[in-house]
There are 2 protein chains.
Amino acid sequence: MATYASVGGRRSRAGLPAVTPERVVRAALALTREHGLENWTLRQLAAGIGAYPAVIYHHVGDREAVVSAVLERVVAELPVPESDRPWRDWFEDLLTGWRPVLLTYPGVARRLAVHGALVPAMHTVIDCAVGVLRRAGLGDESVLACTLLLNQAWQSIAVEDDRGPGIRERAAELHASLRDRPDVPGLAALGRFLDENPDVDLFGYGLARTLDGVAARLES
Amino acid sequence: MATYASVGGRRSRAGLPAVTPERVVRAALALTREHGLENWTLRQLAAGIGAYPAVIYHHVGDREAVVSAVLERVVAELPVPESDRPWRDWFEDLLTGWRPVLLTYPGVARRLAVHGALVPAMHTVIDCAVGVLRRAGLGDESVLACTLLLNQAWQSIAVEDDRGPGIRERAAELHASLRDRPDVPGLAALGRFLDENPDVDLFGYGLARTLDGVAARLES
DNA sequence: ACCTGAACACCGTTCAAGT
DNA sequence: ACCTGAACACCGTTCAAGT
C-alpha cells in the first residue's frame, strides 16, 4: 500500500507531474531547438518544468549530462541511406539529409565536430560510412576520407548555427558596400557575387568539391 | 605645467604603469594564448594588469571590444605568400602557414569562421585570394572557391582548438578499444588506423582534397 | 526518495563617488 | 580624466533541511 509520499509529494499536490529524466530531456530538446545547445541555462530548464535546479541534478546530473542526453536523441533522428547505394550518392544523401535536422538543433553539429566518435550514438553510422568507402575501393584511406567528409559537414553546419541574423545582416550590408570598389577588385567581385546570390549553397558546393577530391583518389 | 593628477594618480604612486588600450590588448593576447579567446574573463584580464574591471571599460570597452582588438592583432600576424605563385601553391602555403599561428591563439579561428569578411583586417588577404583564383581562370566561381578554402581551414583549426587533451585522450582509448571488433568492421578499421597514426594530418588531407576538387573545376 | 530553498563562488556590466 | 569599490542581475553547483 503506497504511502502518500510514494505517489507524489508537493509537486503532485500542486498539479505538477513528477519530474523524470524523460521530461527533463524533452524540455532540454525544446530549449535547444529555440536557443541552441549552449544558450540555455540549467535554471531555465528547471523553470521550464516547474522545478528547482537541484532537481535536475537529482534526476539527470549536471549540465554536461543533460547535453549528452540531448545529443543522443538528436543523433537518433538523423536519417541514414541504404548502404547499397554508390558511395558518392550515399554520402551526398547522408550529409544533405543531416543538415536540416542539425540546423533545427543549433549547437549539436559543433558537439559532433569536436567529440566525433566519442558520441556513442554515432558509432553505427560511422561503421557503415567507412564500409561504404572501403567497398568503393579506397582501402586504408577510407578512414581519412570518412572522417574528413563527416567533419567538414559538421563544421560547416556548426558555423551556420553560430551566424545569427545580426551577423548575416551586417554581412549583407558589407557585400553591398563592396560592389563598387575598383581599388580592391577581388573584394568587389566577392561583394557582387554574394549580393546577387545571398543564399548561395556553400554547404553543397563544399560537399561537391570534397567528393570530387575523394573521387580523384579512386581514379589514380 | 602638469598637475599631479595628470601625470598619474593612485596607480603610479603604487608603482603601476598607467592603464592604456595597448597594455590591455597585450594582456588579452597573453590570456588568449594561454586559455583561448573564450576562456578568459574580464576580471582575469583586469587583475592581470592590476586594475579594476571598470577600467577596461573606460579604456577599451566591453568584452566584445577587447576580443575585436585581439582578432585584429592576430590577423596582422598571419603570413601571406607572394601573389605571383601558382594558385594551388599559393593557397597551400597560405593555409598551412596560418595554422600554427592560429593554433597559438585558440578561439581566433572560430571567430574568423563565423565572422569571415566582417573582420576588417581580413580584407586585403581576401581581395588577394579571390584575385589569385580569378587569374587562374575560375571566373565567378572564384568567390565560392575562395570562401570555401578559407572557411574549411578556419573551421578545421577551430575544432582542433576545442579538442582539449581530455578529449584527445578519450579518443585514443576509444580507437584502441575498437581495433578488435569484428562485429563492426568499419569501426575496427578506423580504430586500427587512428591507433597507429594518432597524429595523422587531417588538416593537410582535407586541404589537398578540396584543392583537388577545385582543380577539377578548372579542367572542365 | 524526492523536493525545497538558501548558499557559494563565480560572471559581465554599470555607476556613484573619490582624487 | 582616471580610478575605486560596491552593486546588479545573472550563472552552475552544492547541501542541509524538510516531507
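Predicted model only: the values in this text are computed from it and were never measured.
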Once you round it to whole Å, what is the distance between [atom2] of [N] and [atom1] of [X]?
| X | N | atom1 | atom2 | value |
| --- | --- | --- | --- | --- |
| A:R23 | C:dC3 | CZ | P | 10 Å |
| B:H59 | D:dT4 | NE2 | C1' | 13 Å |
| A:D62 | D:dT14 | CG | P | 7 Å |
| B:R11 | D:dG5 | CZ | P | 13 Å |
| A:Y57 | D:dT14 | OH | P | 6 Å |

Distance, nearest 0.5 Å, that separates [atom1] of [X] from [atom2] of [Y]:
| X | Y | atom1 | atom2 | answer |
| --- | --- | --- | --- | --- |
| B:L95 | B:L150 | CG | CG | 6.0 Å |
| B:D180 | B:R192 | CG | CZ | 8.0 Å |
| A:L31 | A:Q44 | CG | CD | 6.0 Å |

Are the side chains of [X] and [Y] in touch, meaning some heavy atoms are under 4.5 Å apart?
| X | Y | answer |
| --- | --- | --- |
| A:V114 | A:W154 | no |
| A:H115 | A:M122 | no |
| A:V74 | A:L29 | yes |
| B:I157 | B:F203 | yes |
| B:V119 | B:R111 | no |

Does DNA chain C take part in any stems of at least 3 consecutive Watson-Crick or G-U pairs (both distances under 3.5 Å), and if so, which ones? C:4-8 with D:12-16, C:12-16 with D:4-8
Salt bridge flag under 4.0 Å for residues A:E22 and A:R73: yes
Is the backbone N or O of A:P53 less than 3.5 Å from a side-chain atom of A:R43, with the two atoms forming a donor-acceptor pair by type? no
Listed pairs, N/O of protein and of nucleotides 8-11 of chain C, under 3.5 Å:
from	atom 1	to	atom 2	distance (Å)
C:dC11	OP1	B:T41	OG1	3.4

Starting from the 5' end of DNA chain D, give me the residue, B:V55 or A:E64, whose nearest nucleotide shows up first. B:V55
Can you name the salt bridge (charged side-chain N to carboxylate O under 4.0 Å, His left out) partners of B:D161, sequence neighbours left out? none
Look at A:Y52 and C:dT4 and indicate whether a side-chain polar atom (N or O) is within less than 4.0 Å of OP1 or OP2. no
Of the non-hydrogen atoms in A:Q155 and B:Q152, which two are nearest, and what is the gap between them? OE1-O, 4.4 Å
For A:E34, all residues meeting side chain to side chain donor-acceptor pair (under 3.5 Å), sequence neighbours excluded: none
Using the 3.5 Å cut-off, write out each protein N or O paired with an N or O of nucleotides 15-18 of chain D and the distance between them.
from	atom 1	to	atom 2	distance (Å)
D:dG18	N2	A:R10	NH2	2.6

Among residues 25-34 of chain B, which contact DNA chain C at a heavy-atom distance under 4.0 Å? none
